[in-house]
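One structure is given here, and the rest of the page talks about it.
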Amino acid sequence: MGYFVGLTAALAGNVVIGTGQCMQKSALNSLQRGGKASPRYKSPLWVLGLALNYAGEIFGNSLALSYLSAAVVAPLGIVSVIVNLLLAERFLGERVTPNQRFGFSVIMAGVGCILLVAPRKAAASSAAEFVEAVASSGILTLFMAMFFVQALLILLIRSGRQSLLLYVVVASMFGSMNVMASKLLTMFMRLRLTANATAAPLPNPADIVFYGAKAASSSSGLSGAQVVAGVVMGLSIAGQESFRQQALGRYPVMEFQPVFFATFNVIATLSGLLLFRELDGWLHGAVFFGAFALGIGLIAYGSRFLPRARAVGLPSHIRLHKDNLHLDEYKMQ
């Protein structure tokens, strides 16, 4: 039951996100047509679209992570892209090309491959399981290792060794950290809300990670560990968006998006599987990784058909100029 609740939340959340993105696109188109120089955040439609994006993430994907593995939730993010394109065709007059329809089909086949073999058990279904899962997850070690690798990669970027892969890996690692933190937080909130009134209070996951299960159970109020966890989560969100925007400013979307989507899914999925031990033995692991690799390959391949072809400028010597058309001669005839 929890699997289908999480799946429904992820699908609904990404539909809302795709709708919000289309609304933001509509607002920007209106500003461009009107020749207005006002900032986008002054457009009520753009702000509403932004609010829908956050609502889809919080009440859709974050809720889904409390029930599902990141191996299921992360690939479903492509649904928002498809919804955005379909709504743009219906309401903004944009045409979905045959290539894009083919891309949709390939992407859905890739998502289907992953969903067929993805782990279906929740990381924890009770308070005791949650405390044990968090205490034995090793998330602090993983985050420290990620920060060390990110620091090295950022130094390489700042030293001038810039490449698409460097930006993608840094943004994907920040995004994966946010996914893991969101999973712990939403699991904690779901279990706490559904706990029996007479049960002992469920300790905060940040306290479990920093102080251990026993010490965390006796702590109350806002702790230093919770503040640090909040700062880390905020930095991971800001870091992902910062390096994502830097990459988009240097590389075409049609080059960046497939590579980022595939890299982010691989890192987020591997992080979740390592932290929460979601696979049922070696056989399930072999089948899952085989199907996951195939699914990500199909999604990345299909994503290449979604961006629209860019306009090609003609060389100056074959451009049509009004003065060269000799319209007066045709009028006289």
Side-chain angles (χ1 to χ4, degrees), residues 1-31 40-94 96 100-101 103-104 107-108 110-112 114-115 118 122 171 174-176 178-183 185-187 189-190 193 233-234 236-238 240-241 244-245 248 253 257 260-261 264-265 268-269 272 299 302-303 306-307:
M1 182 63 181
Y3 177 83
F4 294 103
V5 171
L7 188 62
T8 301
L11 290 172
N14 283 295
V15 169
V16 172
I17 292 170
T19 303
Q21 291 172 346
C22 186
M23 294 173 67
Q24 289 181 297
K25 184 188 298 184
S26 177
L28 293 176
N29 289 345
S30 298
L31 291 175
R40 62 186 66 182
Y41 60 81
K42 290 189 177 181
S43 167
L45 185 61
W46 189 88
V47 173
L48 179 58
L50 181 65
L52 287 179
N53 284 336
Y54 281 106
E57 288 290 351
I58 295 172
F59 300 107
N61 289 333
S62 295
L63 175 62
L65 284 169
S66 71
Y67 289 98
L68 303 178
S69 167
V72 178
V73 178
L76 288 176
I78 200 65
V79 172
S80 65
V81 179
I82 295 175
V83 170
N84 183 12
L85 289 173
L86 293 177
L87 290 177
E89 179 189 34
R90 177 66 178 83
F91 296 104
L92 303 183
E94 297 184 4
V96 177
Q100 288 175 320
R101 295 186 188 279
F104 293 160
I107 287 169
M108 296 313 296
V111 172
I114 296 173
L115 294 181
F174 273 123
S176 299
N178 185 41
V179 167
M180 294 302 103
S182 297
K183 184 176 180 67
L185 183 60
T186 51
M187 286 172 58
M189 293 175 64
R190 176 173 63 84
L193 289 173
M233 194 169 181
S236 66
I237 295 172
Q240 180 189 17
E241 189 61 23
R244 182 173 173 274
Q245 292 301 324
L248 288 172
V253 175
Q257 192 62 37
F260 172 74
F261 190 81
F264 168 70
N265 275 276
T269 297
I299 291 171
S303 298
L306 298 188

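The nearest pair of heavy atoms linking Pro75 to Ile299 is CB-CD1, 4.3 Å. Counting all heavy atoms, side chain and backbone alike, Phe264 lies closest to Ala74 at CE2-CB, 4.1 Å. When every heavy atom of Gly6 is checked against every heavy atom of Ala64, the shortest pair comes out as O-CB, 3.2 Å. Smallest separation of non-hydrogen atoms from Met187 and Leu65: CG-O, 4.4 Å. Between Leu63 and Ala9 the shortest heavy-atom distance is CD2-CB, 4.0 Å. Of all non-hydrogen atoms in Leu115 and Tyr3, the two that sit nearest each other are O-OH, 3.7 Å.
Within the structure, every pair that satisfies the side chain to side chain donor-acceptor pair (under 3.5 Å) test and touches residues 51-64, not counting sequence neighbours, is listed here: Asn14-Asn61, Gln24-Asn53, Glu57-Asn61. Each salt bridge (charged side-chain N to carboxylate O under 4.0 Å, His left out) pair with one or both residues in residues 4-25, not counting sequence neighbours, appears once here: Lys25-Glu94.
The side chain to side chain donor-acceptor pair (under 3.5 Å) check on Ser80 picks up nothing, with sequence neighbours excluded. Applying the side chain to side chain donor-acceptor pair (under 3.5 Å) rule to Arg101 yields the partners Glu89; only residues at least two apart in sequence or on another chain are considered. Applying the side chain to side chain contact (heavy atoms under 4.5 Å, CB included) rule to Leu45 yields the partners Met23, Ser26, Ala27, Ser43; only residues at least two apart in sequence or on another chain are considered. With sequence neighbours left out, Val83 forms a side chain to side chain contact (heavy atoms under 4.5 Å, CB included) with Val15, Thr19, Val79, Leu87.
Here CE of Met233 is found 5.5 Å from CG of Leu185. Values are rounded to the nearest 0.5 Å. Interatomic distance, CD of Glu241 versus OG of Ser236, reported as 12.0 Å (0.5 Å rounding).
With contacts defined as side-chain heavy-atom distances shorter than 4.5 Å, the pair Leu85/Phe104 qualifies. Within the 4.5 Å cutoff, side-chain heavy atoms of Trp46 are placed close to those of Leu50. Between Leu76 and Leu7, the closest side-chain pair of non-hydrogen atoms falls below 4.5 Å. With contacts defined as side-chain heavy-atom distances shorter than 4.5 Å, the pair Ser176/Gln240 does not qualify. Looking at heavy atoms from C-beta onward, Val111 lies out of side-chain contact with Ile114 at the 4.5 angstrom threshold.
Of the possible polar contacts, none joining the Lys183 side chain to the Ser66 backbone as a donor-acceptor pair under 3.5 Å is found.
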Show, in sequence, the C-alpha distance, side-chain angles and deciding distance for Arg190 and Tyr67, and conclude whether the side chain to side chain contact (heavy atoms under 4.5 Å, CB included) test is met.
CA-CA 9 Å; Arg190 176 173 63 84; Tyr67 289 98; 3.2 Å; yes
